[in-house]
Number of protein chains: 2
Amino acid sequence: MTYCCGILVRDGLVMVADTRTNAGLDNVATFRKLHVFEKKGERIMAISSAGNLSLTQSVLSTLNEGFETEDGDRETLLNAPTMFQAAQRIGRAIRHLHEIEGRVLEASDVSFDLSFLFGGQIKGGPMRLFMIYSAGNFIECTVDTPYLQIGEHKYGKPVLDRAITHDINLYDALKISLVSVDSTMRSNLSVGMPLDILIVHRDGYEAELKYRIEPGEPYFHDLRERWSAALRAAHNNIPRPPYATKT
Amino acid sequence: MTYCCGILVRDGLVMVADTRTNAGLDNVATFRKLHVFEKKGERIMAISSAGNLSLTQSVLSTLNEGFETEDGDRETLLNAPTMFQAAQRIGRAIRHLHEIEGRVLEASDVSFDLSFLFGGQIKGGPMRLFMIYSAGNFIECTVDTPYLQIGEHKYGKPVLDRAITHDINLYDALKISLVSVDSTMRSNLSVGMPLDILIVHRDGYEAELKYRIEPGEPYFHDLRERWSAALRAAHNNIPRPPYATKT
């Protein structure tokens, strides 16, 4: 399993991804799921992936090789004219893979299961964040709901629901997304450290922060402790229910 | 969908259930999912249910009618010798229903989907809490993990994971379970008010508290507000991430 979260707010984009992959419970490994495509000053894009690793890696390889056009050029993410067309290229790569692999995998009872978050900005265009489904279609993040999640999304959703707004500071958004990942990791063994994080300022066209949080990293450890303590205090400060049976 | 939670701690048992049922998104109704079977001073048992309503209601009707024995008696929950044997009777009722309904429902693409929480105490025996699956098998709550959930369990699990211990006060356990239900209702429309709650003291053999929390009820409203405010404060009190890109 996987947990990835993307947040698009007024000041920019936050993306967080875990790195755990598993085939069953006894075959666990670490793979990067957050990939950054960058031409500094011109464009920055990031993809995070969930689902079958062989499929998500193949989609990325397809995107890196590009689709050949009639006049011999290759269509990649780095030369897509807009973020929308870049998202369409990801969808196309997924559909292409489904044509090749879908039936064979189904025959082996492997479902064609994958999804992506895709965010970034190309100079001259707006910053955007998409969630791309296994059918190659996609939705886009808006001001009303400024975050998207893929993978094991439920455990970490309540904290995002309550705290993330379009106006939140970028580093506060990162902080909340780390709390969201923490809640997920506590409840689901298939989501695990290290974590990859990315912050991009709107109209910055480069990564402001690209970082891997390793196990035992002091800030993240402190965040987990503080969050746990705050939740305990929050429980304690709510009075006990006054209910009595009506007889 | 549904969310029900049962907590078994040193002092007794807490059970909470929502009441929303839905067939699709446009057919929403209110049905009681928490049912209490009580002979005051002798035994108290409670069942909460999740899954297909026609199936869970049929299981309850079967249990109320009882299974006829060879000498013409009827085996019900109210005459089960032990909680374990009562749980087995629920399993038997599920399997009986599966024999009658399973194949016909599958032919209509309706999956045989149901689960129960079953808790209580019979005089002379220990207080127990079980989770019973659609195959009729079941697991039991222990001191290490003193709660069980059925239905839409993920959103409300992190708060239980962090706060519920075997030693917690019964009314604190109720309070935390209400926070857990609140988190679930915020994230999943198919879980909704009113809520039914039950508290049973160990060796009490009767309901200490049987109550329905209606929409707008002041304590629950206050709990939601306080919890939201506490979470906001908790975020604010955690410092922002100090990370910087390593170049």
Side-chain angles (χ1 to χ4, degrees), chain A residues 152-163 168-172 174-176 178-180 182-184 186-188 197-199 206-213 217-220 222-247, chain B residues 152-163 168-172 174-176 178-180 182-184 186-188 197-199 206-213 217-220 222-247:
Chain A
E152 179 56 277
H153 62 281
K154 291 189 179 181
Y155 299 114
K157 187 166 183 286
V159 65
L160 298 175
D161 273 343
R162 288 170 193 270
I168 198 171
N169 172 281
L170 261 182
Y171 286 81
D172 283 341
L174 173 61
K175 186 173 78 178
I176 310 268
L178 294 178
V179 173
S180 173
D182 175 39
S183 296
T184 308
R186 279 177 190 265
S187 291
N188 189 323
I197 61 178
L198 172 73
I199 285 191
E206 63 177 341
E208 177 171 303
L209 174 65
K210 220 169 16 178
Y211 191 80
R212 172 162 283 193
I213 303 175
E217 190 275 325
Y219 171 78
F220 188 62
D222 181 60
L223 172 138
R224 303 181 88 168
E225 295 293 312
R226 282 174 186 258
W227 183 248
S228 285
L231 290 196
R232 279 194 299 274
H235 302 146
N236 292 337
N237 290 335
I238 297 176
R240 288 183 182 154
Y243 304 131
T245 306
K246 285 168 194 146
T247 49
Chain B
E152 179 58 277
H153 62 281
K154 291 189 180 181
Y155 299 114
K157 187 165 183 287
V159 65
L160 298 175
D161 274 342
R162 288 170 194 270
I168 197 170
N169 172 281
L170 262 182
Y171 286 81
D172 283 341
L174 172 62
K175 186 173 78 178
I176 308 251
L178 294 177
V179 172
S180 173
D182 176 38
S183 295
T184 309
R186 280 177 189 263
S187 291
N188 189 322
I197 62 179
L198 172 73
I199 285 191
E206 65 176 340
E208 177 171 303
L209 173 65
K210 220 170 15 179
Y211 192 78
R212 171 162 285 194
I213 304 175
E217 189 275 326
Y219 171 78
F220 188 63
D222 181 59
L223 172 138
R224 303 182 87 167
E225 295 293 311
R226 282 174 186 257
W227 182 247
S228 287
L231 291 195
R232 279 193 299 275
H235 303 147
N236 292 337
N237 289 337
I238 296 177
R240 286 182 184 157
Y243 304 131
T245 306
K246 285 171 195 145
T247 50

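Within every chain, numbering begins at 1; the chains are lettered A, B, ... in the order of the sequence lines, protein sequences first and strands thereafter.
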Task: Separation between OG of B:Ser183 and CG of B:Leu178, rounded to the nearest 0.5 Å - done: 11.0 Å
TODO: Carefully, step by step, assess B:Tyr171 and B:Glu208 under the rule side chain to side chain contact (heavy atoms under 4.5 Å, CB included).
DONE: CA-CA 11 Å; B:Tyr171 286 81; B:Glu208 177 171 303; 2.6 Å; yes
TODO: Among A:Asp172, A:Val159, A:Leu223, single out the residue with the greatest number of heavy-atom pairs under 4.5 Å to chain B.
DONE: A:Asp172
- [ ] Would you mind reporting whether A:Phe220 and A:Glu225 have side-chain heavy atoms less than 4.5 Å apart?
- [x] no
Task: Aromatic centroids of A:Tyr219 and B:Tyr243 separated by under 6.0 Å - done: yes
TODO: Please state whether the side chain, the backbone, both or neither of B:Ile176 comes within less than 4.5 Å of a heavy atom of chain A.
DONE: side chain
Task: Residue among B:Ile213, B:Asn169, B:Ile197 with most heavy-atom pairs under 4.5 Å to chain A - done: B:Asn169
Task: chain A contact via B:Glu152 - side chain, backbone, both or neither, heavy atoms under 4.5 Å - done: side chain
TODO: Measure distances from A:Leu209 to the heavy atoms of chain B and classify the residue's part below 4.5 Å as side chain, backbone, both or neither.
DONE: both
Task: A:Asp161 portion near chain B, given a 4.5 angstrom heavy-atom threshold - done: side chain
Could you give the side-chain donor-acceptor pairs of residues 231-238 of chain A under 3.5 Å, partners two or more places apart or in another chain?
from     : atom 1 : to       : atom 2 : distance (Å)
A:His235 : ND1    : A:Leu231 : O      : 3.3
A:Asn236 : ND2    : A:Arg232 : O      : 3.3
A:Asn237 : ND2    : A:Ala233 : O      : 3.2

Open item on the list: Heavy-atom pairs under 4.5 Å with chain B - which of A:Pro242, A:Pro239, A:Gly156, A:Ala229 has more of them than the others?
Closed with: A:Pro239
Open item on the list: In the structure I gave you, are the side-chain heavy atoms of A:Ser180 and A:Lys157 within less than 4.5 Å of one another anywhere?
Closed with: no
- [ ] Tell me, for A:Ile199 versus chain B, whether the close heavy atoms (under 4.5 Å) come from the side chain, the backbone, both or neither.
- [x] neither
